[in-house]
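Working notes, beginning with the structure itself.
Every chain is numbered from 1, with letters handed out A, B, ... down the list of sequences.
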Amino acid sequence: MNACWPNSIADRIFQLYMLDYLDGWQILAVLLLPLIYLCRRPIKIAYFNILQSVLKRRVKFSDCYIGQLKYVGGIDISFVKDDAVHACISLVVLDIESLETVFSRNKMIHMTCEYIPGYLAFRETPHISKLLKKVRDDCPMFYPDVLIVDGNGRLHRKEFGLACQTGVTCDIPCVGVAKNLYQMEGCLRDNEHKSAIDKLKSPGDKFEIRNKKNTVIGCALRTTAASTKPVYVSEGHRVSLDTACRVVAKCSKYRVPEPVRLADILSREALRQSEKS
DNA sequence: GCGACAG
DNA sequence: ATCTTGTCGC
């Protein structure tokens, strides 16, 4: 059963309202979101489509940093096996030069929305934005300058995936990193794609991924010498694809960039600890 | 309508 | 997302 109200919804509406992201009708639209979580899948999808297109108008696929890039944040959510509700979300903040953890926080949550491919953001963004807001209030000195989430940004059917929605909702520069290719028309795991992967020889090598409309929406990036399989990097918000790739390449010791990797380890560990007690 | 499908 | 040890190779 997912018949419960997301307790973050008030925060979310307020946040969007304050950022001047929503007019009257759109506020109504977001107010209805918890009700929509209870509806059937086709209704959810129709509604999510509308919200995506509303929020998409705010996304910026260009570099607009304020100040210097110092802290990189990573977000990940881990789940309990056979339990669709209980999960743990972790935020890790690293110094981009030394790659040392300067801050981390995790929190037990319960998911209110099922996973629908293409609409991952509606499942994860409420929790991410809540955690970020808390960090911004409690320890603003460690608030990340750029955030890496594990999920796509612009590399998405509607060019508006998790990283975009998180970036826009929280108004933070955001990069999307996916471990698998999100397949859609014009971008498939076919032989052409596989042969392009084979051409990636050294860390930092990448190739563009294009839309059906021939727009560059993301990159396959080889992060280390050891990993044959690339990660898929795309713009989230307030970063260009070029910058996104540079940030990801810079903080990759292993295939998955450190912030996301450490967040994954931390949230998994926290989940195991809470299971014992 | 059917299949594919980030986490 | 989750289950899951060792093992082969640089």
For DNA chain B, consecutive-pair runs of 3 or more (Watson-Crick or G-U wobble, both H-bond-type distances under 3.5 Å) give none

Distance in angstrom units between A:Y119 OH and B:dG7 P, rounded
17 Å

Without swapping roles, check the side chain of A:N211 against the backbone of A:N214 for a donor-acceptor pair under 3.5 Å.
no

Once you round it to whole Å, what is the distance between P of B:dG7 and NE2 of A:H127?
18 Å

A:R272 has an atom CZ; how far is it from atom C1' of C:dT2, in whole Å?
14 Å

Write down the distance between CD (A:E124) and P (B:dA6), rounded to a whole number of angstrom.
13 Å

So if I apply the salt bridge (charged side-chain N to carboxylate O under 4.0 Å, His left out) rule between A:E185 and each of A:R210, A:K212, A:K213, A:R157, which one comes out positive?
A:K212

Base, sugar-phosphate, or nothing for A:Y115, non-hydrogen atoms under 4.0 angstrom?
base

Between B:dG7 atom P and A:L162 atom CG, what is the distance in whole Å?
10 Å

Between B:dA6 (P) and A:I77 (CD1): distance, integer Å
16 Å

Where the side chain of A:R268 is concerned, which of B:dA4, C:dT2, B:dA6 is the nearest nucleotide?
C:dT2

Going by an N to O cut-off under 4.0 Å, is there a salt bridge joining A:D150 and A:R261?
no

When rounded to whole Å, the CD to P distance for the pair A:Q165 and B:dA6 reads 17 Å

Between C:dT2 atom C1' and A:D150 atom CG, what is the distance in whole Å?
14 Å

